[in-house]
Amino acid sequence: MATGGIKGYLAEAVRTAGRSLDFRGRSTRSELLTYYFASIFFGLVLGIALFPFLEPEQEQVASRVLAWVLNAPILALLIRRLHDQDRSGSWAWLLAFPVGYTAASDLVSTIGGVDERLAYDRFTWFLYWPSLACTVLMLIAAFLPGTAGPNRFGTDPRGRE
């Protein structure tokens with residue numbers, strides 16, 4: 001859990017980002033929220049600092065790349081949240097559908113522009129709802145309480161027995 005005000009929250013967000021490829025162990029809800037809000041804050045600061053110097057097309061590509069980079073640690077964090085609930089990380093495969101759908105949309109927008117994105121959306125509109133359903137299910141799972149005490153994935157990150 002983050003302590004020490006802004007400095008503590010920033011330290012926890014950096015620690016979480018450093019564990020981007022660590023799918024073992026358990027994580028708390030506060031770790032998830034701290035990283036999420038820190039990545040939004042970092043993205044805003046970077047956007048304010050850099051985007052005025054970019055052309056609109058460059059800004060669009062930069063914002064998409066930044067969003068993908070900042071959201072990369074979320075997968076490992078979500079798997080550790082599932083572990084905290086004594087669930088298999090395999091449930092995270094539900095995110096493959098919405099991530100693939102979003103990646104394809106971003107790619108079409110970046111390469112083709114607005115007209116191609118509109119055509120893509122007209123062709124794939126029916127995929128939006130299953131994508132949204134998978135996202136909502138994983139969001140709910142991310143915020144369910146963890147098991148008290150140790151489980152098969154490790155000790156309780158909150159120190160409960």
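In this chain, numbering begins with 1 at the start of the sequence shown.
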Q: Hey, is CZ on F41 packed in by over 12 heavy atoms from elsewhere, all under 6.0 Å?
A: no
Q: Using the rule that Ile, Leu, Val, Met, Phe, Trp and Tyr join whenever any side-chain heavy atoms are under 4.5 Å apart, tell me whether L70 and L75 fall into a single cluster.
A: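 Per the 4.5 Å side-chain linkage, L70 and L75 are not co-clustered.
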Q: F143 and V136: same hydrophobic cluster, using ILVMFWY side-chain contacts below 4.5 Å?
A: no
Q: How far apart are the C-alpha atoms of L82 and M138, what are their side-chain angles, what is the distance that settles it, and do they pass the side-chain contact (heavy atoms from CB on, under 4.5 Å) test?
A: CA-CA 9 Å; L82 290 166; M138 290 314 299; 4.0 Å; yes
Q: Same hydrophobic cluster for L77 and F23, using side-chain heavy-atom links shorter than 4.5 Å among ILVMFWY?
A: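 They do not share one cluster, since no chain of ILVMFWY contacts under 4.5 Å joins L77 to F23.
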Q: Could you pull out the closest heavy-atom pair between Y101 and S131, with the gap in Å?
A: CD2-OG, 3.8 Å
Q: Start with the C-alpha distance between D84 and R29, add both sets of side-chain angles, then the distance that settles salt bridge (charged side-chain N to carboxylate O under 4.0 Å, His left out), and finish with yes or no.
A: CA-CA 9 Å; D84 190 40; R29 289 179 280 197; over 6 Å; no
Q: Looking at every heavy atom in both R87 and Q85, which two are closest together, and how far apart are they?
A: NE-OE1, 3.0 Å
Q: Quiz question: by atom type and distance under 3.5 Å, do the side chains of T147 and R26 form a donor-acceptor pair?
A: yes
Q: Please examine the side chains of Q60 and T110, heavy atoms only from C-beta on, and report whether any two atoms are closer than 4.5 Å.
A: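 No, their side chains stay 4.5 Å or more apart.
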Q: If every non-hydrogen atom of R117 is compared with every non-hydrogen atom of S109, which pair is closest and at what distance?
A: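 Minimum heavy-atom separation between R117 and S109: NH1-OG, 2.9 Å.
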Q: Which heavy atom of D156 sits nearest a heavy atom of A148, and at what distance?
A: OD2-CA, 3.6 Å
Q: How many angstroms lie between CZ in F37 and CG in L32, if you round to the nearest 0.5 Å?
A: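 Result: 9.5 Å between the selected atoms.
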Q: If hydrophobic clusters are built from ILVMFWY residues whose side chains come within less than 4.5 Å, do L50 and L66 share one?
A: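 Yes, L50 connects to L66 through the hydrophobic network.
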Q: Taking R81 for its side chain and S27 for its backbone only, find out whether a donor-acceptor pair lies under 3.5 Å.
A: yes
Q: Is the CZ atom of F42 crowded by more than 12 outside heavy atoms at less than 6.0 Å?
A: no
Q: Quick one, P157 and E31 - any side-chain contact, counting heavy atoms below 4.5 Å?
A: no
Q: Any chance you could measure E116, atom CD, to I111, atom CD1, to the nearest 0.5 Å?
A: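 One gets 10.0 Å once the value is rounded to the nearest 0.5 Å.
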Q: Apply the side-chain contact (heavy atoms from CB on, under 4.5 Å) test between Y35 and each candidate in V14, I74, N71; give the one that qualifies.
A: I74
Q: Could you tell me whether W93 atom CH2 has more than 12 heavy atoms of other residues or ligands within 6.0 Å of it?
A: no
Q: Partners of Y36 by ring pair (Phe, Tyr, Trp, His ring centres under 6.0 Å), sequence neighbours excluded?
A: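 With neighbours one apart ignored, the set is empty.
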Q: So how far is it from L132 CG to L137 CG, rounded to the nearest 0.5 Å?
A: 9.5 Å
Q: So, taking the atom named CZ in R80 and the one named CZ in F153, what distance separates them when rounded to the nearest 0.5 Å?
A: 13.0 Å
Q: Report yes or no: do L94 and L139 belong to one cluster of Ile/Leu/Val/Met/Phe/Trp/Tyr joined by side chain heavy-atom distances under 4.5 Å?
A: no
Q: Of the non-hydrogen atoms in L127 and P130, which two are nearest, and what is the gap between them?
A: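 Shortest heavy-atom contact: O-CD, 3.3 Å.
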